[in-house]
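Here is the structure we will look at, set down as structure tokens.
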Amino acid sequence: MAKILTSRKENYAQWYNDLVIKADLAENSAVRGCMVIKPYGYAIWEKMQSVLDSKFKETGHSNAYFPLFIPKSFLSKEAAHVEGFAKECAVVTHYRLKSSSGGKGIEVDETAKLEEELIIRPTSETIIWNTYKNWIQSYRDLPLLINQWANVVRWEMRTRLFLRTAEFLWQEGHTAHATKEEAIEETIKMLNVYSEFAKNWMAIPVISGTKTENERFAGAVETYSIEAMMQDGKALQSGTSHFLGQNFAKAFDVTFLNKTGKLEHVWASSWGVSTRLMGALVMAHSDDRGLVLPPKLAPIQVVIVPIYKKSEELENINREVEVIRQKLVASGITVKYDNRDTHKPGWKFADYELKGVPLRLAVGPRDIENKSVEVARRDTLEKKSYPLEGIEETVKSLLTEIQENIFNKALEFRTQNTHTTDSYEEFKEIIENKGGFINAHWDGTRETEEKINQETKATIRCIPLNNKQEPGKCIVTGKPSSQRVLFAKAY
RNA sequence: CGGGGUGUGGCGCAGUUGGCAGCGCGCGUCGUUCGGGACGACGAGGUCGGAAGUUCGAGUCUUCUCACCCCGACCA
């Protein structure tokens, strides 16, 4: 087999890059830091979108759309928020071009300067809260449960396909509530939507928790996240949900009359997942031969490849496969029959493995003879013949099995790479040599977290929800601690 | 923003002392092949990132410039 991917062992980062490009998920564009998401990659994103979108609808949310541009003055209304995003904003300053004086090319027309500059949204809290001000007057207008699917821009210094790009796609939910309790409940409810999605659809186990002050969203009172472990032991924050308190309501003066006729500021949440999930999906399951996709998110769940010598044989196989295909489609399975005669079977095998198609059926003269089909699993690379009779049931249960298997593999990997220690020396040694997650005691201060970060590159990923309360001593300062927190190097 | 590197057919690269722009993959046509990335023959495709300079002559030397990549600080 021609080796086309760098192996994970050789260079994990390179493997990831190779894979994203070779599997046709995305490529770098002519614009620095911005990627082109290719049809195959976008198909996966669309599946994620469609599942999440229906979950948002089920939990009572409606979609809407707010502008890409945010007046500069809006961004500065919430102090922490502007502080957090100021360094990575793209700014629109002019609205017209003109022909260059030299004759060729165009240049900015300096006479067309905007009175107020526009920020390309790094997130939409400000424009949305400015709008909510007009939508909310009474407790009867609450809760307000809105989501938007959009692109945002954060001018990142260094970018990586899907994991960190200057422009990325995401959804951002923005809700307004009458009480603090309700807003917190919403924040956690959506965090749970994310964690269930990660587990049940992406087949990635995640740890839900709260962020420390250092890692908190700019403008939030509390940030919750789901953290996943990648195959190199690093953590990937895969979704966030923020309890915003009354910060934005106060900044944008969003008030409502409660039942007793008293004017109050509303309580808020915001939550989002992005195309970064694509990166998580790639890095959680894939191997040196290519992508491994969970059946529930695979654009093609089953590919059928005909094996033949002469064209009469192909006609025969075509007829046979059409029957199989219809049975599978009737069972709700996404099937592709690839009978292109421009590529050989071996080439197709390798290509669909690279693209992570969960199951591959091969149908040749031998199979027709034996009334069987050769089925190859992408996750285990196992090949086996199954009777044609009842193939749709076989495929269905294999797909279920693959979905479970890759989740279990990811869970097993995480378990094996999660450590517990009470010694800072050991902590350093683990981070340095083994990687993975570490549960350790921490005194709760920003200083200690920063010290650990500087000395080891590890950060506190989260304080897990429903964490076991367990008195101990901070691994650095020895000060008392009531629980262990989750440390790891992160993307 | 600091450090390092690279720009030559679609992609990956070679190009010696300055002397006819090459190789592999891919692409096209034809034939033989087809149960794990087939092979042969023929063929198409490049103002060598850009500008200026040195020279009889520049992919190669000089100056300037642009772009991208990698490593760090920052970040979902």
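Numbered from 1 within each chain, the chains take letters A, B, ... in sequence-line order.
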Which nucleotide wins on minimum distance to the side chain of A:P345, given the candidates B:G37, B:C34, B:C74?
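When the side chain of A:P345 is considered, B:C34 is the closest of B:G37, B:C34, B:C74.
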Under 4.0 Å, heavy atoms only, any strand: does [X] hit a base, just the sugar-phosphate, or nothing?
{"X": "A:F217", "value": "nothing"}
{"X": "A:T240", "value": "nothing"}
{"X": "A:Q237", "value": "sugar-phosphate"}
{"X": "A:R360", "value": "base"}
{"X": "A:T159", "value": "nothing"}

Quiz item: Taking OP1 and OP2 of B:G12, is either one under 4.0 Å from a side-chain nitrogen or oxygen of A:K22?
Solution: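 It does not, given that no N or O in the side chain of A:K22 lies less than 4.0 Å from OP1 or OP2 of B:G12.
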query: Should we count CD of A:E83 as having more than 12 external heavy atoms under 6.0 Å?
result: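 No, CD of A:E83 has 12 or fewer neighbouring heavy atoms, counting only those of other groups under 6.0 Å.
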What is the separation between atom [atom1] on [X] and atom [atom2] on [N], rounded to the nearest whole Å?
{"X": "A:N214", "N": "B:C74", "atom1": "CG", "atom2": "P", "result": "11 Å"}
{"X": "A:L314", "N": "B:C34", "atom1": "CG", "atom2": "C1'", "result": "11 Å"}
{"X": "A:W347", "N": "B:C27", "atom1": "CH2", "atom2": "C1'", "result": "13 Å"}
{"X": "A:E156", "N": "B:A73", "atom1": "CD", "atom2": "C1'", "result": "13 Å"}
{"X": "A:R32", "N": "B:A67", "atom1": "CZ", "atom2": "P", "result": "10 Å"}
{"X": "A:Y308", "N": "B:A38", "atom1": "OH", "atom2": "P", "result": "13 Å"}

Are A:D287 and A:R378 close enough that some pair of their side-chain heavy atoms sits under 4.5 Å apart?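 They are in contact (side-chain heavy atoms under 4.5 Å apart), so the answer is yes.
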### Query
Are A:E401 and A:N405 side-chain neighbours, meaning at least one heavy-atom pair lies under 4.5 Å?
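Of all side-chain heavy-atom pairs linking A:N405 with A:E401, none is under 4.5 Å.
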ask   = Hey, does the side-chain of A:K344 have a donor or acceptor N/O within less than 3.5 Å of a partner on the base of B:G35?
value =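 No pair found.
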Check if the side chain of A:R289 and the base of B:G37 share a donor-acceptor pair of N or O atoms closer than 3.5 Å.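 Answer is no: no donor-acceptor pair is held.
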Q) Can you list every side chain to side chain donor-acceptor pair (under 3.5 Å) pair that touches residues 273-283 of chain A, not counting sequence neighbours? A)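 Not a single pair qualifies under side chain to side chain donor-acceptor pair (under 3.5 Å).
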(message) Strictly below 4.0 Å, N to O, side chains only: are A:R360 and A:E353 in salt-bridge contact?
(response)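 Yes, this pair counts.
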* Write down the partner of B:C1 under the Watson-Crick or G-U wobble criteria, each distance required to be under 3.5 Å. =>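 Pairing partner, where one exists within any strand: B:G72.
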